[in-house]
Q: 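Below is one structure. I have some questions about it.
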There are 2 protein chains.
Amino acid sequence: MPTKKPTISSSHSASKPTQKTIAEITGLAVTTVSRALQGDEKIAQATRLRVSKVAEEIGYVPDRAAQRLRTGKTKVVSLILDPHNEILGFGNSLITGVAHALAGTDYHLNVTPQFLGGDPIEPVEYIVRNKLADGIIFSRTRPFDERVRFLRERSFPFTTHGRTEFGYQHSYVDYDNEKFAYESVLRLMQKGRRRICIILPPNQFTFHQHLNYGYMRAIRQEGLQSYIPGGISLDSDMPEVFEWAKNIASSPEAPDGFICPGETSFLAIANGYRQAGKARGLDFDAVVKSSSQTLHQIDPHIDNISEDIQEAGVLLGTNLLKTMEHPDGPFEQTIQDPDITFPSLKSFQD
Amino acid sequence: MPTKKPTISSSHSASKPTQKTIAEITGLAVTTVSRALQGDEKIAQATRLRVSKVAEEIGYVPDRAAQRLRTGKTKVVSLILDPHNEILGFGNSLITGVAHALAGTDYHLNVTPQFLGGDPIEPVEYIVRNKLADGIIFSRTRPFDERVRFLRERSFPFTTHGRTEFGYQHSYVDYDNEKFAYESVLRLMQKGRRRICIILPPNQFTFHQHLNYGYMRAIRQEGLQSYIPGGISLDSDMPEVFEWAKNIASSPEAPDGFICPGETSFLAIANGYRQAGKARGLDFDAVVKSSSQTLHQIDPHIDNISEDIQEAGVLLGTNLLKTMEHPDGPFEQTIQDPDITFPSLKSFQD
DNA sequence: CATAGTACTTATAACGTTACAAATATCGGA
DNA sequence: TCCGATATTTGTAACGTTATAAGTACTATG
C-alpha cells in the first residue's frame, strides 16, 4: 500500500488551510509537504503531484509572514517614488512597468513615496533598517549618490533609474539623455534656429550632465549660440517658467529654439512666448521629451521625442530581479535609446 | 538592588538586535521586554523607560514578519491603483495623500496596480486570499460594486473612493460630482451658453449617475438644451474625443458649452473645436474639473473646478484607519465639497 | 504576624514555515 | 538472503514575536 490512509482529523475545512492541513489530508509529514511544494527533486514526483493537487483543492496559500520569518526574505520590491515624478503620469507608468516585470514572480511591489523636501536617503535607510524589501528601485541619481553608496556598502540589492559616476558598477536603467539633447539641437538647427536654449534639471543630478554634454557637443559642432537660463530648471513650476519665458521672449537675446526635457516646461514656455506675441513654428521652435501621450495628442505636430517610462519600469524590475538573484553581478545596465522620428519637415509646413 | 546585573552574553552587537538582545542586556525576560515596548501599564514605568532606552541605543527595530505571524496583523494598507488613474498625476496624488495619512502610524502602504482590462475584483481577492493587508482602498465604485460586496461579506476593512448604492453603510470618500455638474451648468448659462454638453464617465460607475443628476437638474431648472454624446466617455482617449469634437463643431447642433469632468477631454475638445475654426470664449465655453495644477497653469482663465486628490488620499487613509480600529462602524463617510471660485466674468472679458 | 491585595515579572507555547540531520523504505547485485 | 547504495520521507528545532496563565515580591490591613 503506497500511501497511509488519510487521517481524518478534527481541523481541516475550518479556518485557513496550512501545510499542516495538507499533511493531515495526505498523511505526509509537514516537512515533506513543504519540500514537495518547493518542487524539491528529492521528493517523489507522485508525492509532489499529490501534494499540489490537494493544496489546490483546499485553496492553500503560503503564509508570507511565516516564510519571511523563516527565510529572511521578504519577497518584496520597494519602489521609491520621487515627488518630482508627480507630473503627467510619470510615477504611474513606472509603477505599472515594475508591476509588469514582477507579475508571474512571487515578488510584490511596495511603493514608498518620498515626501517633498525630505532627504532622499531617508526612505532607503528606513527600508533597509526595517528589512521591508529584498530590493530597492529609485530614481534621479546623482553622480556620487549617497543612496547608492549606502546600499552598496551593505550589499543590499538595488537598481537605479539613472547613472552614477562611482568607480564601481551597479545595476541601472537610464535614458540616453545625451543623445536626446544632441539630436534636439540638430533638429532645431534643421529648422533654421540659431539661438538654442535648453532647460536643464538641477545640476546635482547626473542627467543634468548628460543633457548638458549632448547639448554642448552639438552647439559647438554646429557653431550655434547656446543659452542656458540661470534661474530656471526642469523642476521650476509652470508659472515661474511662464514668467521667465514671457520676459525673455521680447528681449533681443530671445532664444528661437528650445529643448524641453519635460512636458510642463514646454507648455509654460510656449504660453510665455505666445503671451509675448510670438508663435511657435514662426518665431521659435521646440523639441520636447515627453513621457506621456498627452502632448502628442494635443498637437501631433510638436517635435517630440518620447521616453517610454513604462518600459523603463519593466527594465528596472527585471534588472532588479536579476540583481537579487546574483547579488555579486554582473550588473544589468540598460540604456534606453531615444526614438527619434520627427514629423517630416515637409509635411510640417502645410 | 532593583535590577539584576546585565548578563553579558556572547551574542549582542553582532547581527540584528532582537528583543532577546534587549532581554540579555537588561536582565529581563523577553516577555517583559515585549510588553514594555508595547507600553503595557502593568510594567513598571522605570522598566518601560529602561527598555526603550536600551532599544534605542542598540538600534532595535521590531521584526514585522514575526509580529505579523504572531498577531495575524500585516500592518499594511493596500491601495489599488486603477489604470485610468494614470492621467495627469491622479494616482501619484492619491498615493501621496494616503502615505501622509499613514505617516506616524505603523502602517505601511502597498500599492497594487490593477492591470488594464483585468477584472477589478482580482486584486481585491488576491489581497484578501493572501492576507497581504489589513485594509484596502480602491476607486471607481459602481452602484452595486462587487468588490464592496466581497469585502463586506468577509468583514474585511476597506474604504472606497466613490459611493455605492447598497442598502448598508460602508466607509468612503467621494467628491460631490452632482454639485460640480450642477454648478457647471449654471456657470455656462451665466456666460450665455444654451446647448450644454457633458462628457460622462462610462455608465457603470456611480459617479456617472451623480454627474448626470446634477447636470439634468440644472438643465431642466434653467430650461437649457442638453447634449450627451453617445460614443464618447471620460475614458475615451484623446484622439477619439478630438475627432468627435471636430466633427460636431461644424454641425448645426454643435454644443456651445462643455462640462469636462476630466482635463484630457477638455484638451481634446478644445483642440477639436479650434481645428474646426471655433474659439473658446467666443464660440463656446467649458468648465473643467481638474485634479492637477497643470491646466490652470497653462491658462488661468479656464473655468476650472478643482478636485483635491491628495486631500482625498488623506481622507481615505484616515477613514480606513478608523475603520480598521472599529470594524463594525460607525463608518466614516466624507464628501469633498467642490471649491467653486471662477474668475469673475468681468476680469475674464479683458 | 498571617492574609489579602496589589504591583510587577515571567515561563510556556504558539503563529506557519523551512534548514538540517537523521531515519526508513526500496532496489540491485553478490 | 544479506549488503550497500539510492530514493524517499521524517523529526526536531528555529526564525522573533506575543497571548495566556502563572508566578513572585511587596504593601497594606486587621
Side-chain angles (χ1 to χ4, degrees), chain A residues 1-4 7 11-12 14-51 55 58-75 106 129-132 134, chain B residues 1-4 7 11-12 14-51 55 58-75 106 129-132 134:
Chain A
M1 192 168 34
T3 59
K4 294 176 202 150
T7 311
S11 59
H12 27 98
S15 75
K16 209 184 76 173
T18 68
Q19 292 184 352
K20 196 172 157 199
T21 323
I22 300 177
E24 281 167 1
I25 293 175
T26 56
L28 295 163
V30 174
T31 303
T32 312
V33 171
S34 172
R35 293 178 51 194
L37 289 169
Q38 286 172 76
D40 189 327
E41 300 275 323
K42 296 281 189 66
I43 301 294
Q45 179 153 32
T47 308
R48 297 209 299 269
L49 247 62
R50 190 155 53 95
V51 166
I58 65 174
Y60 166 79
V61 283
D63 184 306
R64 313 229 356 150
Q67 290 181 316
R68 182 167 157 181
L69 176 59
R70 183 62 243 236
T71 64
K73 295 275 160 217
T74 64
K75 293 290 174 180
D106 55 351
R129 243 175 81 89
N130 295 42
K131 191 71 215 294
L132 299 181
D134 298 337
Chain B
M1 192 165 37
T3 60
K4 293 175 201 148
T7 311
S11 59
H12 29 96
S15 75
K16 209 185 77 173
T18 68
Q19 292 184 353
K20 195 173 159 199
T21 324
I22 301 177
E24 280 166 2
I25 294 174
T26 57
L28 294 163
V30 174
T31 304
T32 312
V33 172
S34 171
R35 294 179 52 191
L37 289 170
Q38 288 173 73
D40 190 326
E41 300 275 323
K42 296 281 190 64
I43 301 294
Q45 180 151 35
T47 308
R48 298 210 297 269
L49 247 63
R50 191 156 52 96
V51 167
I58 65 174
Y60 166 78
V61 283
D63 183 306
R64 315 241 337 161
Q67 290 181 316
R68 183 165 155 182
L69 177 59
R70 184 60 243 239
T71 64
K73 295 275 158 215
T74 64
K75 292 289 175 181
D106 55 353
R129 243 174 82 87
N130 295 42
K131 191 68 215 291
L132 298 182
D134 298 337

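The basis for the numbers below is simple: all heavy atoms, side chains too, and nothing from hydrogens, waters or symmetry mates. Numbers restart at 1 for each chain; the letters A, B, ... are given by sequence-line order, proteins then strands. These numbers were taken from a predicted model, which means no experiment stands behind them.
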Q: Rounding to 10°, can you tell me the angle the first-five-pair axis of the helix from C:dC1-D:dG30 to C:dA30-D:dT1 makes with its last-five-pair axis?
A: 60°
Q: C:dA11 P sits how many Å from B:Leu28 CG, rounded?
A: 11 Å
Q: Using whole Å, report how far CG of B:Asp40 lies from P of D:dT20.
A: 12 Å
Q: Any side-chain heavy atom of A:Arg50 sitting closer than 4.5 Å to one from A:Leu28?
A: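 Yes, side chains in contact.
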Q: Any side-chain heavy atom of A:Tyr60 sitting closer than 4.5 Å to one from A:Ile22?
A: yes
Q: Mind listing the closest non-hydrogen atom pair of A:Lys131 and A:Gly72 along with its distance?
A: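 In this case the closest contact between A:Lys131 and A:Gly72 is NZ-O, 3.0 Å.
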Q: By a strict heavy-atom criterion of less than 4.0 Å, which residues belonging to residues 42-49 of chain B are in contact with DNA chain C?
A: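 Going residue by residue through residues 42-49 of chain B, the ones with a heavy atom under 4.0 Å of DNA chain C turn out to be B:Lys42, B:Ile43, B:Ala44, B:Thr47.
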Q: Suppose the criterion is salt bridge (charged side-chain N to carboxylate O under 4.0 Å, His left out): which pairs have a residue in residues 35-48 of chain B, not counting sequence neighbours?
A: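 Sorted result for residues 35-48 of chain B: B:Arg35-B:Asp40.
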Q: Who pairs with B:Thr74 by side-chain hydrogen bond (donor to acceptor under 3.5 Å, both in side chains), at least two apart in sequence or on another chain?
A: B:Asp134
Q: Whole angstroms only, please: what is the CD1-P distance between A:Ile22 and D:dT10?
A: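 Taking atom P of D:dT10 as the reference, CD1 of A:Ile22 is at 14 Å.
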Q: Kindly give the heavy-atom pair with the smallest separation between A:Leu69 and B:Ala66, and that separation in Å.
A: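 For A:Leu69 and B:Ala66, the tightest heavy-atom pair comes out as CD1-CB, 3.8 Å.
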Q: Can we say B:Asp63 and B:Arg68 salt-bridge, meaning some charged N sits less than 4.0 Å from an Asp/Glu carboxylate O?
A: no
Q: Using the test side-chain hydrogen bond (donor to acceptor under 3.5 Å, both in side chains), find all partners of B:Lys75 that sit at least two apart in sequence or belong to another chain.
A: none
Q: Under 3.5 Å, which N/O atoms of the protein pair with N/O atoms of nucleotides 17-19 of chain D?
A:
{"residue": "D:dT17", "atom": "OP1", "partner": "B:Tyr60", "partner atom": "OH", "Å": "2.5"}
{"residue": "D:dT17", "atom": "OP1", "partner": "B:Asp63", "partner atom": "N", "Å": "3.3"}
{"residue": "D:dT17", "atom": "OP2", "partner": "B:Gln19", "partner atom": "N", "Å": "2.8"}
{"residue": "D:dT18", "atom": "OP1", "partner": "B:Gln67", "partner atom": "NE2", "Å": "3.4"}
{"residue": "D:dT18", "atom": "OP2", "partner": "B:Gln19", "partner atom": "NE2", "Å": "2.8"}
{"residue": "D:dT18", "atom": "OP2", "partner": "B:Ser34", "partner atom": "OG", "Å": "2.7"}
{"residue": "D:dT18", "atom": "O2", "partner": "B:Arg70", "partner atom": "NH1", "Å": "2.5"}

Q: If I take atom OG1 from residue B:Thr31 and atom CD from residue B:Gln19, how far apart are they, to the nearest 0.5 angstrom?
A: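 Atom-to-atom, B:Thr31:OG1 and B:Gln19:CD are 8.5 Å apart.
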Q: Just by modelled atom types, is the A:Ile43 backbone N or O under 3.5 Å from a matching donor or acceptor in the A:Thr47 side chain?
A: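 Not confirmed, A:Thr47 side chain does not pair with A:Ile43 backbone.
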